[in-house]
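Report on the structure given below.
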Amino acid sequence: MAANNISNGNHDTQNSNSLVQALMTDQYQITMAYAYWQNDRTYDRACFDLFFRKNPFGGEFTLYAGLSECVKFIQNFRFTDSDIAYLKSVLPPDTQDGFFEHLRQLDCSDVELYSIAEGMVVFPRVPLIRLEGPLGVLQLLETPFLNLINYASLVATNAARFRMAAGPNKSLLEFGLRRAQGPDGGLTASKYSYIGGFDGTSNVLAGKLFGIPLKGTNAHSMIMSFASMDDLKCRTLQPAEGSYPVEFASICERWLGEVCKLCDVLKEQTIKGELAAFIAYARSFPKGFLALVDTYDVMKSGLVNFCAVALALDELGYRPIGIRIDSGDLAYQSIVAREVFTKLGESLQKPWFPKMVIVASNDINEDTLLSLNQQGHSIDSFGIGTHLVTCQKQPALGCVFKLVQVNELPRIKLSHDIEKVTIPGRKQIHRLYGQDGRPLVDLMQQMDEDPPEQGKSVLCRHPFEESKRAYVRPAKVVPLHQLYWKDGKVCQPISSLEETRAVAKQSLQMLREDHKRALNPTPYKVSVSDNLYQFLHELWLQSAPIEELH
């Protein structure tokens, strides 16, 4: 979730979202907290892991996001008087008053938060966050932490996949606010799409709060609001280096005649209301003129009307930006538009004209981008909304928050579904790198084990498949967990949005291409040490009831 206030002009404020508060939780967290309190277990020392079981979107990587909001949440974790009053009204009437006083005094000063750096590429089963502290307090953090990590990581990963599909040199603009799941969903999508590799947003509030570059043009409604040139109330424009306004509309009409001849388009076919709208918008934004050209007909009207206004702006000393296409065959129309720009540039000796920007929108998803690349196109920038912010391909990441130790006793969750069996105990996590500088494997170990060393072989085992094991001799070893919160204080600087974006970009670049490819990507290896493997399976056998057959 995204922050919704700002102070002192700092885009990465430490203030937290006012919606993210102690009561933003599931009821059963409160009832479990009461049961712990009733049974004198609130302050038992516990450890929880937050992780996910499967990478989203059919891929083999995930971008980790949302940590900064989790830190802000525990900084501000309190039950207010109004929270206590509400809980008294909804919990059973025989709930003891002492519990409410206990909640009133509760904070996270005894909690320790260990985490992977925000923006890093992460993989299934690896704990993104390890929380240590009082059992009753940590239980109350489950729902808000999952809420803050799940969607943030999902939409950042989705954005990264769009970026890879589009290629590194295309501009990606997030246009999803109107389609997002509510206002806070819209802000969150804008923030984490930027981390995942988008270049800008149409969301004005996100621009203010987070410093994300704002991008936008106009909609069909503005074009349609002009029915003819008679609707153009103001026809003049002051030249870039002139003192007095000139008759801009007449210059545009003159250029329209010439453009139509060069492009073999009948001037009578062009929509005069569209031309009037373009002139009006160009008068308002002569240094940033980018027109939506598909309101009526791209080839017979929109494109030539734009070119006429663009050439008129050039005559007055301004440089137009380009066009946006929002419907139809995007690949074909972009190629034709580029051909028109090139022809006019060569015919009129305007070398800048072929280089004008072509923006495409229209319900674009990852598959659309891949298809456009296969077809060939001349699009420079993509405006993407619905499929990005709603993550239509997969609407949830599925992070879980599992108890792995209490009072120094490792705990395991068993299931007939192997995927849901947890890895018990407090764990240290290292990323092992190969000679080429790329990650090879993430290794989980017990806390009392010696960490892996550079240049020394270490046995890495699949947690559940006995035959899957390998010796790895890492060229570099990086511990993944850092301490972010202890004794009521932040222990690591919280990365700014730009810093997290840079971490995400670098982390993705280091990942092997076969892990990132769209079709049949290679799974990244997540392993446990031999000691942890043996302990996991011993505890599994100890914890599983023995069946009796009759």
Side-chain angles (χ1 to χ4, degrees), residues 159 162-163 165-167 170-180 186 189-190 193 198-204 213-227 265 269-282 284-285 288-310 320-341 356-373 375-390 392:
F162 275 84
R163 164 53 66 199
K170 302 300 181 184
S171 171
L172 292 181
L173 310 175
E174 180 266 311
F175 285 176
L177 179 59
R178 64 185 60 197
R179 304 286 172 79
S190 298
S193 295
F198 273 59
D199 300 294
T201 180
S202 65
N203 187 336
V204 179
L214 284 178
K215 303 290 181 180
T217 54
N218 49 55
H220 295 115
S221 54
M222 183 185 174
I223 311 301
M224 295 162 63
S225 72
F226 288 81
V265 173
Q269 285 185 326
T270 61
I271 306 299
K272 299 304 180 286
E274 182 180 55
L275 177 63
F278 288 176
I279 293 170
Y281 198 74
S284 302
F285 300 98
F289 178 55
L290 194 151
L292 180 61
V293 297
D294 72 319
T295 303
Y296 301 108
D297 189 295
V298 173
M299 307 305 172
K300 297 177 181 177
S301 183
L303 196 55
V304 291
N305 276 334
F306 164 78
C307 291
V309 177
I321 303 298
I323 62 172
R324 178 164 72 98
I325 305 171
D326 190 50
S327 62
D329 188 331
L330 299 178
Y332 172 72
Q333 290 178 123
S334 71
I335 291 170
V336 171
R338 186 71 68 198
E339 290 172 349
V340 169
F341 292 164
M356 282 195 294
V357 171
I358 299 174
V359 181
S361 45
N362 187 30
D363 216 22
I364 292 171
N365 59 29
E366 183 184 347
D367 293 335
T368 305
L369 294 173
L370 295 171
S371 175
L372 286 168
N373 290 339
Q375 297 173 58
H377 65 85
S378 290
I379 299 165
D380 302 294
S381 179
F382 295 93
I384 302 173
T386 305
H387 290 274
L388 173 66
V389 304
T390 64
Q392 285 190 346

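Keep in mind that what you see is a predicted model, and the values were worked out from it rather than measured.
- Counting non-hydrogen atoms of neighbouring residues, nucleotides and ligands closer than 6.0 angstrom, the OH atom of Tyr296 exceeds 12 such neighbours.
- Remark: the backbone N or O of Ile271 is paired with a side-chain donor or acceptor of Asn305 at under 3.5 angstrom.
- Pairs passing the salt bridge (charged side-chain N to carboxylate O under 4.0 Å, His left out) check and including a residue from residues 295-306, sequence neighbours excluded, do not occur.
- The main-chain N or O of Ile379 is found under 3.5 Å from a side-chain atom of Lys170 such that the two form a donor-acceptor pair.
- In this structure, the side chain of Ser381 does not engage the main chain of Val359 through any donor-acceptor pair within 3.5 Å.
- Between Phe289 and Phe306, the two ring planes are parallel [angle under 30°; tilted spans 30° to 60°].
- Checking side-chain atoms of Arg338 against main-chain N and O of Gln333 turns up no donor-acceptor pair under 3.5 Å.
- No side-chain donor-acceptor contact under 3.5 Å links Asn362 and Ser327.
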Test side chain to side chain contact (heavy atoms under 4.5 Å, CB included) applied to Leu369 and Ile384, step by step:
CA-CA 10 Å; Leu369 294 173; Ile384 302 173; 4.2 Å; yes
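- Distance alone, capped at 3.5 Å, places no donor-acceptor pair between the Ser371 side chain and the Asp367 backbone.
- Side-chain polar atoms of Thr270 and Glu274 form no donor-acceptor pair below 3.5 angstrom.
- Atom CZ of Arg179 is surrounded by 12 or fewer heavy atoms from other residues, nucleotides or ligands within 6.0 Å.
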Between Met356 and Asp380, is the side chain to side chain contact (heavy atoms under 4.5 Å, CB included) condition met? List the steps.
CA-CA 9 Å; Met356 282 195 294; Asp380 302 294; over 6 Å; no
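- At least one donor-acceptor pair under 3.5 Å links the side chain of Arg324 to the backbone N or O of Asn218.
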Chi angles and distances behind the side chain to side chain contact (heavy atoms under 4.5 Å, CB included) call for Thr368, His387
CA-CA 11 Å; Thr368 305; His387 290 274; over 6 Å; no
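- Summarising the local packing, NZ of Lys272 is surrounded by more than 12 heavy atoms from other residues, nucleotides or ligands at distances under 6.0 Å.
- Side-chain N or O atoms of Asn373 include one that pairs as donor or acceptor with a backbone N or O of Ala165 at under 3.5 Å.
- Rounding to the nearest 0.5 Å places CD1 of Ile358 at 5.0 Å from CD1 of Ile323.
- With Asp199 contributing its side chain and Leu173 its backbone, the two residues share no donor-acceptor pair below 3.5 Å.
- With rounding to the nearest 0.5 Å, the separation of OG1 in Thr386 from CD in Gln392 is 6.0 Å.
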